Amino acid sequence: MWTPITRQQHSRSVTRYQTDLTDAEWHVIEPHLPKPCATGRPREWPMREIVNGIFYVMRAGCPWRLVPSDLPPWGTIYRWFAAWRDDGRFERINHALVMADRERVGRDASPSAAIIDSQSVKTTEAGGPRGYDAGKKINGRKRHALVDTDGRGLVLERRPASIQDRDGGGPLLRVSRRIFPFIQRVFADSGYAGEKVAKATLIAVEIVRKNPDQVGFAVNPRRWVVERFFAWIGRNRRLTKDFEASIDSARAFLYAASVMLLVRRIARAS
């Protein structure tokens, strides 16, 4: 809920666009970005402006070619985005910031419990893999998210919407074992019930079911955390639909949105 106090806490003193990094935010993300090469042609644009450009495209939802002229050229921004997408840098930055933020609040760097869920979104004429979600009646792609109990994005994935939760949950849990090996329990809705998810890893999967007497919408224990995460990243207009032609670009934007959340949270605390 927005109050004068919370608005003041989340206000950001920037002189150009609200997506521009403040000095405190830049100090958080700078160590995780590539350093200049000792040889070769010097960089024409500072790395801070490249990140500003990526965050602007993600928040505004504009095409790359419509990036404002006071940011680096769209081709330069996209080249860095594609390079970081292909080498997994967004995932690595998110992993490092998740651990840093958990330690900041006095918790273990690696979580022991998590929540899993999915969200189906429409795609556009850009093409790429897609499918039809008969339950939500959406032709597009499905976002699978594994978050910790505070709502930090741990593992994020994009797949065609035709892949059901019980088929997409197992691979997501298997990926989590490599980067967050101490997760012991995962909370999920009834879409993840069944042996495919339960026997995918050694993680105990607890199904949080609706109250039998529930009528209409109700906040379910544990599951609301991942729904709040989807709401947070949904503020970025690039993520209101899936505009990407490739699954890799769609996944990279998911991690970039999570990185933006963590960078701002850590900077505010500092």
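By convention here, the first residue in the shown sequence is residue 1. Everything quoted here is computed from the prediction, not taken from an experiment. Just so it is clear, the values below take in all heavy atoms, side chains as well, and ignore hydrogens, waters and symmetry mates.
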* Step by step, work out the side chain to side chain contact (heavy atoms under 4.5 Å, CB included) result for Val121 and Phe230. => CA-CA 11 Å; Val121 293; Phe230 285 135; over 6 Å; no
* Carefully, step by step, assess Thr149 and Arg222 under the rule side chain to side chain contact (heavy atoms under 4.5 Å, CB included). => CA-CA 7 Å; Thr149 52; Arg222 301 290 185 179; 3.8 Å; yes
* **Arg16/Glu49 under salt bridge (Lys or Arg N to Asp or Glu O under 4.0 Å): CA gap, chis, key distance, verdict** => CA-CA 12 Å; Arg16 189 175 51 175; Glu49 285 293 272; 2.9 Å; yes
* Trace of the side chain to side chain contact (heavy atoms under 4.5 Å, CB included) decision for Phe55 with Val263 -> CA-CA 12 Å; Phe55 283 177; Val263 165; 5.5 Å; no
* Asked: Can you check salt bridge (Lys or Arg N to Asp or Glu O under 4.0 Å) on Asp150 and Arg228, steps first, answer last?
  -> CA-CA 10 Å; Asp150 289 334; Arg228 184 183 61 179; 6.0 Å; no
* Step by step, work out the side chain to side chain contact (heavy atoms under 4.5 Å, CB included) result for Val57 and Val67. => CA-CA 7 Å; Val57 169; Val67 171; 3.6 Å; yes
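The residues Arg48 and Glu30 are annotated as not salt-bridged, no charged nitrogen and carboxylate oxygen being separated by less than 4.0 angstrom.
In this structure, Thr123 OG1 and Asp242 CG are separated by 6.5 Å, a value rounded to the nearest 0.5 Å. Note that CD1 of Ile163 is 11.0 Å distant from OG of Ser118, once rounded to the nearest 0.5 Å. The CE atom of Met58 sits 9.5 Å away from the CD1 atom of Ile233 when rounded to the nearest 0.5 Å. The distance from the CD atom of Glu157 to the CG atom of Leu254 is 9.0 Å, given to the nearest 0.5 Å. Taken to the nearest 0.5 Å, the CE atom of Met47 stands 12.0 Å off from the CG atom of Leu21. Note that CZ of Arg177 and CD1 of Ile203 are 4.5 Å apart. Values are rounded to the nearest 0.5 Å.
For the salt bridge (Lys or Arg N to Asp or Glu O under 4.0 Å) test with Asp165, the passing option among Lys142, Arg159, Lys196 is Lys142; the others fail. Partner of Ser249 under the side chain to side chain donor-acceptor pair (under 3.5 Å) criterion, out of Arg85, Glu244, Arg158: Arg85 alone.
Remark: Arg223 CZ is packed, more than 12 non-hydrogen atoms of other residues, nucleotides or ligands lying under 6.0 Å away. Environment of CZ in Phe182: sparse, with no more than 12 heavy atoms of neighbouring residues, nucleotides or ligands closer than 6.0 Å. The local environment of NZ in Lys35 is crowded, with over 12 non-hydrogen atoms from other residues, nucleotides or ligands closer than 6.0 Å. Heavy atoms from other residues, nucleotides or ligands lying under 6.0 Å from CZ of Arg43 number more than 12. Few gaps surround CG on Leu66; more than 12 heavy atoms of other groups in view lie less than 6.0 Å from it.
In this structure, Tyr78 and Trp64 have perpendicular ring planes: the angle between them is above 60°, well past the 30° mark.
Side-chain contact, Glu91 with Asn94: no donor N or O sits under 3.5 Å from an acceptor N or O. Side chains of Thr19 and Arg59: no donor on one and acceptor on the other come within 3.5 Å.
The side-chain heavy atoms of Arg141 and Ile247, taken from C-beta on, include a pair separated by under 4.5 Å. Put simply, the side chain of Ile115 does not reach to within 4.5 Å of the side chain of Val208, judged on heavy atoms. Using a 4.5 Å heavy-atom cutoff, the side chains of Trp80 and Leu33 are not in contact. Considering only heavy atoms from C-beta on, Tyr192 stays 4.5 Å or farther from Val186 through its side chain.
With hydrogens and angles ignored, the 3.5 Å screen pairs no side-chain donor or acceptor of His144 with any backbone N or O of Gly168. Here the side chain of Asp87 pairs a donor or acceptor atom with the backbone of Arg89 at under 3.5 angstrom. Remark: the backbone N or O of Gly135 is paired with a side-chain donor or acceptor of Asp133 at under 3.5 angstrom. No donor-acceptor distance shorter than 3.5 angstrom exists from the side chain of Ser258 to the backbone of Tyr255, with no hydrogens or angles considered.
Aromatic ring centres of Phe253 and Phe81: separated by under 6.0 Å.
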